[in-house]
Every structure is written in C-alpha cells, then in structure tokens.
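What follows is a set of notes on a single structure, which appears directly below.
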Amino acid sequence: MDQDIKYEAITSADFFWRNRHLLGFSEERALYQTVREMAENSLDACEGASIRPKIKITIEEVKEESKEGLKVYQVTCQDNGPGLPKDVIPQAFGSMMFGSKYRLMQNRGQFGIGVKGAVLYAQITTGKPAIIRSCHKNHAYEFAITINLKTNEPIVHSKEKLELSNGTGTIIRVIIATKPSSGKTVSEYLTETAVSNPQASIKFKAELNSGIELNFEADTSLELSEPPVEVAPHPHGVDIELLKRLAEATKRDTVYDFLKKEFSEMGSTKAHEVLEKAGIDVRKKPQNLDQQELRKLKDAMLQTEFRRPSKEALRPIGEEALKKGLEKVYKPEFTSVSSRHTHSYEGHPFKVEVGLAYGGEVEKLERSGIELARFANKIPLLWDSKGDVSWYVVDRFNWKNYKIDKETMKVVVVTHICSTKVPYKTAGKEIVSRVSEIEEEIELGLKEVARELEKFVRNREKSESKAKRRSVFQTWFPEVARSVSQVGNVEEAKILTQLNELLVK
Amino acid sequence: MPSKDKQIVDQIEKLINTQIITPLNSKQVPQFVIPERSKHNTIYDKVLRLGKETYIRSATDLGQVKSFAQLVQVAAAIHQALSDGVHPTLRDIFYSVRHTIENTNTEAFEGQGESNTCIEELETILNFTREEIGVMSKAKGLVMGDFVLTDAEKNKSLQISSSPVPVVISPLIDRIQIGAVKAKYVLIVEKDAVFQTLHDMNFWEKNQCIIMTGSGQPDRATRRLAHRFSEEHKLPVYVLTDSDPYGWDIFSKYKVGSVSLAYQVDKLVTPAAKFLGVSCSDLYTFKIPKTAVIKASDTDLKRAQDLKEDAWFKDDFWQKELDLFLKYKEKCEIEAFSKFGFRYLAEEYLPRKLKEVSS
C-alpha cells in the first residue's frame, strides 16, 4: 500500500500485469479469481444499497477459441444491485485506480483492484472487451470496455442505450483464457460464500466437467447485513508511513486538531497527553512535522492508553446468519455457533466467529475428520490453509476433551475473522498470521461450539439409550406378565401395569 | 397328579408368588437370587459343592430382564406340563417356550442353551434335580441285580432279577421306590461293554451284588441311583474303571461330583464309593502282559498332571498311582484282561480286589 502512489505514475495497469500472480490472476487460478472479483463486487454493490443480493454466475467454454492447453471461458455475473449511472460505468470498470486515501473499513476486496482485474485479464489474454450492462434508475446501457494500458484510461468500444427492462442491476461478462479448470475451486468458493452470506441468493452454472449447478436460495428470514462504515484509525494501529500520509493529506491547521479529528478514541485530554510525551507544540502545522517528530508522535501514541478500537467498522456474519448459512449449505443435524466479543490487536479491532455443523448431510462428506472452512471479512479463504491461524488452532485443538473423535467423526468447522485489518501472512492474502489475540479468540470460540456438540451427542446417546431401554423392557415385561398369570391366580394386565410402574420410579 | 409332580407344581407357584406377585403388590422389584454355578464358586470338602456366591436376576435391570423373563417362562412351562400330567424333555421345554415375541422381531429363546440354563437355575432355586422336577433326558445307565422297583402311585412294580436283559436307569428314578434289595454291595463299571460281560456271566447272581454302569460319563440318573443304594440301603459301592486318567476321573464323578453338578451334589454323589481298580500298580501287581498294555498318549499324560492338582486326588494313594502312571506311561483297558481268558476278570481279578477293599 505504501508504495501505491509511486506505482500510479507508471500506471496501475502495468503494475497489474507485472504482478498478476500476486493479485490472484495467475493462470492456475484466474478463472476462480475472476468469479471471485465479480461476485464480491456484486455483493458489495447490493449491500451498499441495502438490497437483498441475487447473484447468478455462469461459465461457458468458448470452444472454438480454446487451444494449446489453454481454454477460453466466458464468465458472466448478474446481480440485482442498484446499477451504475452511465457516466460512471467507464471509470468503474475501465480504470485501475488504486485508492490513495487510506480507508479503514471491513472491505471484501482482497487486493483493492476488484472487478477491474477481471476486465484487464480478459483484455490481455483474449483481447476481448468486457461487456457491462447496467440498469440504474430506469436507464439501461450496455458498454464494451477495455483499459488503456499506457494511460490507465477506459476505452469505450461501444455504448448503447437499451430498452428499459424490469428492475435494476448489473451484468458483467468477460472472456478470458486460462488453464483448463474443473470448476471445483469456483464451486467451493461459491458454496462457502453461501455460508457467510445466507441472506443472499447465489446461483452458479458452469459448462465444466460434466456440468456444475449450484443453487443457494436466499434466507429471507434474515435481515440484510449493513454496509461497512469507515472509521478513523486507532492510535495504536498506525505506523510511521501511515502517519506521514495522514499528516500530509489533512486539512487541519494544528497537530492538536489533527490528532483529535483524524484518530478514533482521541479526546482533548488524550491529544494533549500524546503531544506532551512527544514534546511537540500543539499549534504546529501537521504538514510540517519532520521524520523525527513523526516517530516521536507514533511512540507517544503507543505509550498512551486508549479505549479499545471501536467495533462499529466490523460487520460480522452474525450468530443467526452463520447458523442459517451452515444449515442451508451443509444440511446438518446439528449446528453450533459462537460469536466472540470484539477485541483488538495492535490497534485494529477484530471479531472472531466460529461455527460447527455435524450430522445430517455432513455425513455424506468424503473424508472423515474436521472439515475447516476459513473466512476473513466474509470471504472464503481457499488456498494454503496450512500455516493459517485457524488451521493451527483447529489442528492442535484437543477434540478428545469434548468426546469428538476427529479420526472417525465428520464435522464442519467454520472460522470467521473480521477486522479492519486482517493480518495476512503473505501477499496472496490466503493465510492469516498467528496473531496471539486472534489465536486465543478462535480457541475460545472452538471450545464453545465443541462443548455444544459434546452436549448434543451425549443427549442424543442418552435419549437413544433411553428409548432402547424402554423397548427392552417393553419386549420382556409382557412375557413375564403372561407367564406369571399362567402360574399364579392373577391378571396379566395387572402384573404388566405393576412392572411398568416400577420403571417410572 | 402324582404327589411328586404336585409337590413341584406347588413349589413353582410358591416361587412365583413370593418372588414376583407379592413384591409387586408392595411396589418392590421382583428378582431371583441364584447360587453361582461356576468353578470358582465350587468348594471341595469331601465332595464338590457350591460356595456361597449368588447372582441376581432382576426384572428392572436392563441386562437381566431377559434372563428374568426367560426363567419365569420356563417355570410356567414346567408348571403347565406337570399340571397336564406330562414329563417333558429339555428339548420339549425349549419348543414349548420358543416363540417370536409379539410386535417385535425378538426371539424369546435363541436356542436350547438358553432354556437349559433356566432349568438349571430352577433346579438350584427350588433345590430339586431336574429329574425330580419331571424333566426327562435320554436314559444312559444300565442296572441289574436282585431288587424291586415300584411306582406306588401307578401301582406297578418290577422284580429286576426276573428281567432277561439289563434294565435302563430312567431319569424318573426319583418317582420310583427301591425295595426288596438282596445284595451285599453295588459294583459300578465304567463301560457298557464290561457291564455286558459281567451280566453274561451272571456275575451279579453268583456274587449277590448289583451291577450298574453309566456307559462312560455317568448321567444324573445313574449317579442318583448309586447315591440311593448307598444312602437308602447302606450298600457298599465299588467302582471299576479302565487303568487310565479318564477312567479314574469317572470314578471321582461318582464319589466327589463335578463342577457342573455341584449344585445338586447332595443328591448325586456317593461319598462312600470306593475305587476297586484298575489302578496303575495293578498292571504290575497282576503282571498284566505287555501285549495288553497301551502306551499313554500326550493327552493322557496331560490329564494325569491335571488330576494330580485336583484336591480330591491329593491323597497318598492317588498321588502314588498318578506318579507311577507318569513314570511308566502305560495304560490298560479292562477288555484286555481277556488275554488271560474270558473268566479272568470275574473269577480272579474282581474277587481278589473285592477282598482287598472290603478288608
């Protein structure tokens, strides 16, 4: 991020192409990444407009174009979002703008390039422009767009006003060339997306393998999740680079005002305290802070106690929604969900949610053991699971303590970490680092859901054995009663009643 | 109804009343307390009898309700049979109680073993042998001698000595009275073949004795009959077996009893029984020719080792005999005595041995 401003000079598009593997668009995973950017773009659009998302993704193979180990796929994503005004469309889909403003919010976007990455990848691999059809406030337009790699400006190949169709929404279609794909990862991604977004309707149809079709209906009993909000950075969450950029960009006249207005949890008292510790004049212009002063300021902020970062910026899945998501996707007999309290690490608020599904169709999973689905900011993390904090905690978790046999039982475990800054370990943003605060929360969450599962299994066994018990006595008591009445001068029914009464005790 | 049958019917009714109907009326759990019939609960004190250990069959115990119900069913079945004037066999009882329980796919009895167990339990609880209870089994033993068997209730009797063939020892021996015994002693032989030889030679008539056999391992009726001759008629009882550990073990069955029948020891064993032969030392004392002697097998040797450890073989006589056997590793069947001529057994060996033991 810190280098972004410089890269903008050589054009973001160039930067993208050179670093496509870092941004998820390597040939192996370009199809998955394309779907992912499109789906997340659509989900964000709907969420931002408080619309219940209905997303439909299709992949078709363009057979006549495929050659030499590469396949050409046409990927289409349709949503029911608010659509975009015709003036905005070219910029929104045809310009690689990395935001220079530091935004602290829980974003879905993984690399900040969004759907434009798909447009660019299509353009580079097949030369085909992306087709965008959007209906906004009853005006529908269709664009064919590519990106000018030199100037980073959109090139509009065609623009056409369409007859008004019903509803709003956007359709984007790109044609890309990648290595052949079985669609397994895409399916997995969309399936897990349905777990973290049960309120959305997600449909997927692909001409891959012998054909794939997924259909996750929206759970309309769930309220829509609110769009994420931006919050000012917490004083404990800044480094010198960020501080420098914020100081250069601020419109405040004094460093005192700058602290008070541009940071969260910073009142007058705290601002005075920090400046005193840093030995900086309260009236100093923030733009004039030199490197040394910035360092002192940062250190002073770290040495000062603040209230925990606000959780306002966080958008957890929510206990009910996660439960519904698990139920919808895995159709289990039992689910348990734990939503932990908001905590923070290094000034960044985070919240951990853990879910567990057991029994029912979970039994149909191929492998025995714990099936871990990891999420960060509602996004499934599919790659490089080992080394991830959730993997680590789940793997060394003492399941035996909860009478869970991870060799033979089939259990789905979901971990969700939402934060304004998910501590990814690598540029690929698939592995979350082992931050001890997060580790601890995951473990506590796991304990909660494991305890619930243990209780469930025990109760089930108990009621099963109770029923079995009853049936054993119901088998033999009538035999006793009949034989006794045969020998003694007593009614069979009376003996049976008396025997049954003994059991009630 | 014969008085013995009536007695059993009454006992079963009493059992059901005291163990089931009465407890139920005061909301108590019906249960049976049954003496443990296992080797570890067997005590040797001249005879093999049961120790004090018991087990419980309770109606409200998940693991016991089946056994409890089965026992009640078998008791009812025997009650029914005796009331109808029938004496069923073990197999008859199994067939009369076996059925698929209504509205279930559970078999009330999965095999005859289960109903047989119930009968044994009933024997121990009521302290009657199954023959007394009226449960029949195949007759195996044979007897011959000068005495009279009478069934007073049926008003029938038989002078055994007038029978041209040996008489089978019926399992219903307990319903029959033994009288007019003209014999000085009882000679039990291990094997049916030896019994037949002695019978052919009129040994019993010539020697004024009763001869009987259990045809190998004696059944309960044969043991019971030997017991009755000893107890009721105070006759000395002598046992003649082959000279091998198997034969000697059979002798102990008559005298001491066995683990599986320890619960009926007082009715089935004859503690006064004496071993007549053939002992191991007899082979050398009587100079049995080598051609009549067989080499002992490994099984025989193993068996002899085991016998040496049994409490009832711990006396000097048996320890010496078993050591001798283990030393020479030789055994002999009584039939081999015919090497000396067919009359050797009846006219030489037996008189000499009888003289020895009775002196």
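Throughout, protein chains are lettered first and strands after them, A, B, ... in sequence-line order, and every chain is numbered starting at 1.
Here the side chain of B:Gln31 pairs no donor or acceptor atom with the backbone of B:Gln19 at under 3.5 angstrom. Under the 3.5 Å distance criterion, the side-chain polar atoms of B:Thr150 are left unmatched by any main-chain donor or acceptor of B:Ala152. The backbone N or O of A:Val393 sits nowhere less than 3.5 Å from a side-chain atom of A:Glu443 that would complete a donor-acceptor pair. A donor-acceptor distance shorter than 3.5 angstrom exists from the side chain of A:Lys410 to the backbone of A:Glu363, with no hydrogens or angles considered. Not one N or O on the side chain of A:Glu327 forms a donor-acceptor pair closer than 3.5 Å with the backbone of A:Thr335. Not a single donor-acceptor pair under 3.5 Å links the side chain of B:Ser230 to the backbone N or O of B:Ala226. A donor-acceptor distance shorter than 3.5 angstrom exists from the side chain of B:Gln73 to the backbone of B:Ala69, with no hydrogens or angles considered.
Between A:Ile442 and A:Ile417, some side-chain heavy-atom pair lies under the 4.5 Å cut-off. Using a 4.5 Å heavy-atom threshold, the side chains of B:Arg228 and B:Asp174 count as touching. Contact of the A:Val362 side chain with the A:Val411 side chain is not registered, since no non-hydrogen atoms from C-beta on lie closer than 4.5 Å. For the pair B:Thr222/B:Asp219, a side-chain contact is recorded, criterion being any heavy-atom separation below 4.5 Å from C-beta on.
In this structure, chain A has heavy atoms under 4.5 Å from both the backbone and the side chain of B:Leu24. Heavy atoms of B:Leu62 lying under 4.5 Å from chain A belong to its backbone as well as its side chain. If you measure heavy-atom distances from A:Val487 to chain B, the contacts under 4.5 Å come from both the backbone and the side chain.
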Show me the donor-acceptor pairs within less than 3.5 Å that the side chains of residues 467-476 of chain A make with the rest of the protein, sequence neighbours left out.
| from | atom 1 | to | atom 2 | distance (Å) |
| --- | --- | --- | --- | --- |
| A:Ser471 | OG | A:Lys468 | O | 3.1 |
| A:Thr475 | OG1 | A:Ser471 | O | 2.7 |

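Checking A:Tyr392 against A:Glu439 by side-chain atom types alone, no donor-acceptor pair falls below 3.5 Å.
Of residues 100-112 of chain B, those residues with a non-hydrogen atom less than 4.5 Å from any non-hydrogen atom of chain A are, in numerical order, B:Ile101, B:Thr104, B:Thr106, B:Glu107, B:Ala108. Near-neighbour residues of residues 78-94 of chain B relative to chain A, defined by a heavy atom under 4.5 Å from a heavy atom of that chain, comprise B:His79, B:Gln80. Along residues 47-61 of chain B, the residues that come nearer than 4.5 angstrom to chain A, judged on non-hydrogen atoms, are B:Ala59, B:Thr60, B:Asp61 in order of number.
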Can you list the steps and then say if A:Lys324 with A:Lys328 is a side-chain contact (heavy atoms from CB on, under 4.5 Å)? CA-CA 6 Å; A:Lys324 291 272 173 66; A:Lys328 177 162 87 178; 6.0 Å; no

